[in-house]
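Note that ligands are numbered from 1 as they come in the structure, with each ligand's atoms numbered from 1 the same way. By convention here, the first residue in the shown sequence is residue 1.
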Amino acid sequence: MDNIIKIGLFGLGTVGRGVYRTLEENSDIIQQRVGVKIEIKKVLVRSLNKERGISIPEERLTTDPNDLIADPEIKIIVEVLGGINPTLDYVLAALNSGKSVVTANKDMMAEYGQRLFKAAQNNNCDLLFEASVAGGIPIIRTLKQSLAGNRIEGIYGIINGTTNYMLTKMFQEGCDFKDVLSEAQAKGYAESDPTADVGGFDAARKLTILASIAFNTRVPLSKVHTEGITNITVADITSANELGYTIKLLGIAKERPEGIEVRVHPTFIPKDHPLASVGDVFNAVFVRGNAVGDTMFYGKGAGELPTASAVVADIMDAARDILRNVPGFIGCTCFKEKPVLDIGETYSKYYIRLKVADKPGVLASIALVFGNKEVSLKSVLQKEATGKTAELVLVTHRVLEQNVQDALMDIKQLSSVLDISNVIRVEGEE
Ligand code: NAP
Ligand code: HSE
């Protein structure tokens with residue numbers, strides 16, 4: 001133990017392989033930086049005979065988690081199995097046997113973070129999870145440590161690579177939603193069930209983790225208002241372009257005196273906003289702190305080596321804490337209980353696309369309903385008029401969401417309104 005720390009790896013898939021490779025290829029600098037050698041003693045897999053594209057001694061592989069959990073020589077467990085069952089049980093068992101845990105598992109951290117932290121604290125262990133949000137981008141350590149002196153006012157994140165890839169292709173090349181989703185799946189960006197990506201749920205899990213850290217309160221996943229990108233059409237993309245916006249799936253978390261806002265939804269942002277230029281499968285997290293001002297962290301949000309970069313840094317931190325005898329040094333940072341606001345209590349600008357009857361007085365009747373609900377309009381565009389129907393594109397000023405929803409309920413009842421085709425929030429403008 002004096003000059004070597006042995007670790008156990010749960011999983012040798014995409015991320016596990018990257019961790020194995022990085023620990024091998026960078027072993028010299030890792031040893032110099034930590035002060036001891038880090039060695040993988042055992043690896044838990046499902047299948048012992050799989051071709052893995054790396055050279056690993058057969059005797060290091062096992063299908064029995066207890067070969068790692070019950071081994072007193074193993075001080076750190078690296079969990080890159082994924083999912084919740086049986087992973088949560090394995091991780092709890094590892095913590096309860098006094099081992100520090102490094103995980104890339106956003107699903108598990110988003111739903112069971114509190115329980116895992118309790119187990120880590122009870123056993124004086126580290127629980128580190130940098131790779132669970134935005135892959136290779138060091139955002140969790142940044143929020144917990146580098147920006148610790150700030151009150152975080154807001155986080156705006158492109159935290160799902162699949163949907164960013166899809167929106168970029170739809171925007172730049174006019175690609176069709178289905179074709180571009182198949183491409184994202186073929187490239188290995190999407191989750192095994194891509195509903196988690198396109199439905200916004202993957203981003204919601206990551207946002208829950210970020211918001212809980214940024215605002216020092218546990219933000220339940222169920223409280224994150226979540227919308228995906230499945231309703232985005234060519235008409236919305238064209239309108240966004242004409243109005244000077246691009247569309248991104250954003251995870252937004254803000255602290256207001258009344259509570260915390262947490263929401264994931266497609267968002268119009270101005271083309272000159274720093275997040276607008278984040279294309280392809282890249283992720284970026286824009287953080288506004290009351291001391292530092294605006295900051296943005298950019299990089300690859302997924303993939304073998306970018307994700308391994310974050311996991312390996314966590315392993316090194318856990319190893320340093322073991323060497324200094326301070327595991328659990330930076331534990332759970334949810335010190336307070338703050339309310340999470342309902343989506344109706346949030347403020348935004350709104351892009352609203354309507355199909356209406358093409359006749360005099362229609363616009364006036366719609367404007368009247370918005371006015372009655374205190375929704376003030378910034379711009380109105382008539383896009384297409386056939387003589388029978390017309391398409392209207394409205395952009396509001398910053399207003400309360402509940403007022404917009406109430407106005408839309410009334411507008412739906414107007415006989416001249418044929419369809420409320422889409423409603424997308426607009427952010428990033430003062
Ligand atoms: P993966 O390629 O599917 O690999 C999973 C590994 O775990 C495989 O080696 C598999 O064994 C093993 N495994 C799964 N269930 C097992 C069980 N019950 N018992 C024993 N072994 C089991 O997954 P991944 O893409 O590496 O993702 C791992 C974790 O990292 C997930 O939580 C994911 O959300 C997170 N993550 C992934 C990325 C990314 O870019 N892939 C980025 C950020 C975070 P076999 O090989 O024998 O099947
Ligand atoms: N499916 C996820 C994404 C993988 O597209 O961002 C990384 O968590």
Side-chain angles (χ1 to χ4, degrees), residues 8-21 42-54 56 61-69 77-91 101-112 129-137 139-140 157-168 180-181 183-185 187-207 209 228-229 249 251 264 278 280-285 299-311 314:
L9 193 55
F10 280 176
L12 195 56
T14 306
V15 183
R17 204 166 41 240
V19 171
Y20 194 88
R21 280 202 175 117
K42 273 273 179 229
V43 183
L44 174 71
V45 290
R46 215 166 5 204
S47 151
L48 293 173
N49 306 317
K50 207 170 179 175
E51 177 45 56
R52 299 190 181 274
I54 49 171
I56 177 163
L61 298 180
T62 178
T63 55
D64 182 355
N66 283 321
D67 287 349
L68 288 75
I69 295 166
I77 290 287
V78 179
E79 184 279 301
V80 285
L81 294 181
I84 288 174
N85 285 316
T87 313
L88 177 67
D89 288 342
Y90 294 174
V91 170
V101 168
V102 170
T103 178
N105 193 329
K106 64 223 158 188
D107 306 12
M108 183 178 71
M109 287 309 297
E111 297 220 39
Y112 296 97
F129 48 100
E130 182 62 70
S132 65
V133 179
I137 303 176
I139 188 64
I140 289 174
I158 296 174
I159 45 182
N160 180 266
T162 302
T163 45
N164 203 40
Y165 176 82
M166 292 175 68
L167 289 171
T168 305
V180 79
L181 174 57
E183 258 183 60
Q185 286 178 290
K187 285 178 182 277
Y189 302 149
E191 301 293 307
S192 47
D193 173 6
T195 318
D197 296 296
V198 297
F201 309 113
D202 175 75
R205 290 180 188 121
K206 294 167 180 168
L207 187 66
I209 298 171
I229 64 163
L249 182 74
V264 170
V278 177
D280 212 8
V281 72
F282 279 89
N283 281 198
V285 185
K300 290 190 175 150
E304 179 180 323
L305 291 174
T307 311
S309 160
V311 173
D314 276 353

* **Heteroatom distance test (Lys106, ligand 2): nitrogen or oxygen, under 3.5 angstrom** => yes
* Asked: Are Glu111 and Arg205 ion-paired here, with the side-chain N under 4.0 Å from a carboxylate O?
  -> no
* **Check: Ala196 main-chain N/O paired with Asp202 side-chain donor or acceptor under 3.5 Å** => no
* Asked: Gly161 to ligand 2: N or O pair under 3.5 Å?
  -> yes
* For Glu183 and Tyr165, test the side chains for any donor-to-acceptor distance below 3.5 angstrom and give the result as yes or no. => yes
* Please list, chain by chain and in numerical order, all residues satisfying ring pair (Phe, Tyr, Trp, His ring centres under 6.0 Å) with Tyr20, sequence neighbours excluded. => none
* Could you tell me which atoms of ligand 2, counted from 1 in the order shown, lie closer than 4.0 angstrom to a heavy atom of Ala302? => 4 (C), 7 (C)
* Find all atoms of ligand 2 within a distance of less than 4.0 Å from any non-hydrogen atom belonging to Asp197, and give their numbers and elements. => 1 (N), 2 (C), 3 (C), 5 (O)
* Donor-acceptor contact present, side-chain Thr163 to main-chain Asp197, <3.5 Å -> no
* To do: Kindly say whether Asn164 contributes a backbone atom to a donor-acceptor pair with the side chain of Thr168 at under 3.5 angstrom?
  => yes
* **Atom-level proximity to ligand 1, residues with heavy atom under 4.0 Å** => Gly11, Leu12, Gly13, Thr14, Val15, Leu44, Val45, Arg46, Ser47, Lys50, Arg52, Val80, Leu81, Gly82, Pro86, Ala104, Asn105, Lys106, Ala131, Ala302, Gly303, Thr307
* **Atoms of ligand 2 close to Glu191 [distance to a heavy atom under 4.0 angstrom, numbered from 1]** => 1 (N), 2 (C), 4 (C)
* **Given Thr87, Val15, Val311, Leu9, the one that forms side-chain contact (heavy atoms from CB on, under 4.5 Å) with Glu79** => Thr87
* Structure fact -> Judged by heavy atoms only, the candidate from Val133, Val15, Asn164, Thr162 nearest atom 5 (O) of ligand 2 is Thr162
* **From Ser47 atom OG to Leu61 atom CG, the distance as rounded to the nearest 0.5 Å** => 9.0 Å
* With distance as the sole test, does Asn105 use its side chain to make a donor-acceptor pair with the main-chain N or O of Asp107 at under 3.5 Å? -> yes
* To do: Go through ligand 2 atom by atom and flag the ones less than 4.0 Å from a non-hydrogen atom of Gly301.
  => 7 (C)
